[in-house]
Structure formats: C-alpha cells, structure tokens
Amino acid sequence: MELEKNISIKNYNSFKVDHKIKKFYKIQSKEEINEIRNYLPKDEKIIILGGGSNILFTKDFDGSILYNNILGKEIIKETKNNIYIKFGAGENWDKSVEFCVKNKWYGIENLSLIPGSVGAAPIQNIGAYGTEIKDYIYEVTGINLLNGKSEIYKNKSCDFSYRNSVFKEKLKNILFITHVTIKLSKIKKFNISYNEVKQYFRNMNSNDITLNNIRKKIIEIRESKLPNPKILGNCGSFFKNPTIDSQSFNNLKKKYPDIVGYKNSNKIKISAAWLIEKCGWKGYKKNNVGVFKNHALVLVNYCSNDGEKILKLSEKIKNSVIEKFNITLEKEVNIF
Ligand code: EPU
C-alpha cells in the first residue's frame, strides 16, 4: 500500500479544491485494509474516498484518507437471463458501464457518464434518466473498519432510497466497500421513459434502439447540460430534488404555472434546479465560484482553491429558496 504525507487533495476531488491532507493511503486490495487498521491510531479521523465526485472539502484534514483503488472485474454467475459481475470498488464507473454495454448486458446504460467510482454508486444510489442503481445491485462487499471483518450486504440490506443508502448513513466511513456485484439482464430491455430520450427514439425502428445508441444519447444529453468535471470543477447536482405534499404543490402551481413536479408515491417531487433558477442564481459567478449556466442545480468552481467558498454559496442559495418558496433544500454532496 502507498502512503503519502501532507499532500493536496486537488487531484482527488472533482470540485478541484485544494486542501491539505495529513495522510493519504492508496489501497489496492482488501488485505491492505486490515494492515492499515493495525497501525492507525485508535482515534484517527478517517475519510474513505472513491472518485471524489460527490464530496466537497472545505478545510484541511488532519487525519487519514483511505483512497479506494481496488480494481478488477469478474463474472461470478450466469443464468439463462442474467449475468452477475463483481467489480472492484475502485473501478471507474463509466468505464464499467461501457464494458457492460459492449457485452450487451442490459440495465445500467442510462447511468452512462456519471463521474466517480463503482464503490460510490451504491452509497448514494446514483440515478439518472429513469434508472437507479438500486435496481441492479446484487450485493455490496466490504470490510468493517471497526472490527476488520468482511461483510456482505444483499440488495435488501442496503436500505436504498433516493440518493441514499445504509452506506451513506450508519455505515458512513465505517464500511470500506471493496466490491460491488451488479446483476444485469441478457434479455433486451430498455428504459426510455425520460422525455428527451423518448422523443429521440420516438420515430425510430425498434431495431435501431440499441444499447450503444442509448448510451450515446445519454452521453449527448449529459454533455449538453452538465459541465465536464475535467474542465470545470463540480460535483453534479449539489442538492437533492425536494418532495412536498400535493396541497403545497397546488398552491405553488397557482402562483407559478410553469413549476416542474412529478408524482412520487403520495407526494410531489419538484425540481430543485427550477427553484434555484427562479431565485435568479443560474449563471451566477463571483469570487471564482458559481452556478452553471446550463443547469442551476450544479455549483461550479471556476478557479478557487477554497471549498469553503462553494459551501457559503450553497448556503446563500438554500436561504434564498427558503425565503421565496419556504422549501428547504437538502445537500446531495457530502461536506467535509
Ligand atoms: N430545470 C430548470 N432549470 C435548470 C435545469 C432544469 O428549471 O437549470 C428543470 C427543467 O424543467 C427540467 C427539470 O428541471 O425538466 C429536471 O431537470 P433534469 O432532467 O436535468 O434533472 P434534475 O432533476 O435536475 C436529476 C438528477 C441528476 C440526473 C438527472 C437526469 C438529482 C439531484 N439529480 O436532475 O443527477 O442526471 O435528474 O435524470 O436527482 C447528480 O445526481 O449529480 C445528477 C446529475
């Protein structure tokens, strides 16, 4: 295992902020996790880091970062209709989607181009264009850092919900996810329910709707709306889309007929981007941080090294949404 001391986090977070880290361990295998456990001080502060695409560092960290670099992929089971692929948690998410698409395994193509690692996917139950990873996770394997034991979480034990799971709650920085097993279909089936995708394929012959074409379309949509973190620091959606009751939604609809809302069990999920845009933040830029010009839910770092500035901007945005709509936005991004 590699250890670096007093390094900058800049190359390990997609917001590209620059804070100092006391100790940075690059972990390549599950055996190394227990090795590290043996000599880390009992009260050591720990952050487990994957692709760094859903975390905002706002200060220096006087503890140990355990960077997940466990690689590899293996087919562990195959039935007539399904395939089970076990990925090392440090594998790049999009490369893994590409691998599955190339092999004609159906299920996660709508999750193309989401930044980050495979290990992070179940943590925040990544979702886009009508698909959530919770529907394709077979099991999640990891080492419990409190006792060094290996643990397996079958899908039902992951407590998945919208952008959340047991790994983001009580197992946060406790379970070091080593592998994620994904169950995909060998039988052709697509999810083209997202409006832009539906429109695109509407007049196409069903033979032209292929995994490859869907992946291409999803990539095109993402590239048109969301900034590339390699070029402009960001963490995708900064806030979650809030849900409100239908009475409140109807009241808002009277005042703002263009409000965007979708039924979500007996509540209405509304667009946080719409709320933020209505508060006038879209395209905002000050002190080298801002709100992306094509999507109001994405906070961007033009060239600030200080994550605190992004956090402060997010608080201003949150307060203005409370003031105008009496709705409290919840962060999707983890803050340190
Ligand atoms: N909208 C605005 N202003 C904007 C952008 C969007 O008013 O600046 C409105 C539009 O009416 C649009 C609606 O919001 O129809 C929804 O926008 P979009 O389809 O882009 O989706 P979203 O709800 O903003 C969610 C996920 C994204 C995911 C997309 C596509 C969350 C927090 N975000 O965004 O995930 O890619 O749906 O399915 O649920 C992420 O989590 O980092 C992420 C990018």
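For ligands, and for the atoms within them, numbers begin at 1 and follow the listed sequence. Only a predicted model underlies this, so the values are computations on that prediction, with no experimental measurement involved.
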S.K.: Please list all pairs meeting side-chain hydrogen bond (donor to acceptor under 3.5 Å, both in side chains) that have one or both residues in residues 54-63, counting only residues at least two apart or in different chains.
M.R.: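 Sorted result for residues 54-63: N54-Q124.
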S.K.: Has K216 got more than 12 heavy atoms of other residues, nucleotides or ligands less than 6.0 Å from its NZ?
M.R.: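 Counting other residues, nucleotides and ligands, NZ of K216 stays at 12 neighbours or fewer.
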S.K.: As a test of reading the model: which residues have a non-hydrogen atom less than 4.0 Å away from ligand 1?
M.R.: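 The answer is G127, A128, Y129, Y162, R163, Y194, R222, K225, G236, S237, F239, K240, N241, V260, Y262, S271, A273, W274, E277, K282, H295, A296, L297, E332, counting any residue whose heavy atom sits under 4.0 Å from ligand 1.
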S.K.: Can a donor-acceptor pair be found between the side chains of E44 and S64 at a distance below 3.5 Å?
M.R.: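 The criterion, which ignores hydrogens and geometry beyond distance, is satisfied for S64 and E44.
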S.K.: Could you tell me whether a side-chain N or O of E91 sits under 3.5 Å from a main-chain N or O of G72, the two making a donor and an acceptor?
M.R.: yes
S.K.: So, is the end of the K285 side chain (NZ or CZ) under 6.0 Å from the ring centre of Y302 and within 45° of the ring's axis?
M.R.: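 Yes, a cation-pi geometry.
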S.K.: Is S304 reaching over with its side chain to a backbone N or O of N288, donor-acceptor style, under 3.5 angstrom?
M.R.: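 The answer is no, because no donor-acceptor pair under 3.5 Å joins these two groups.
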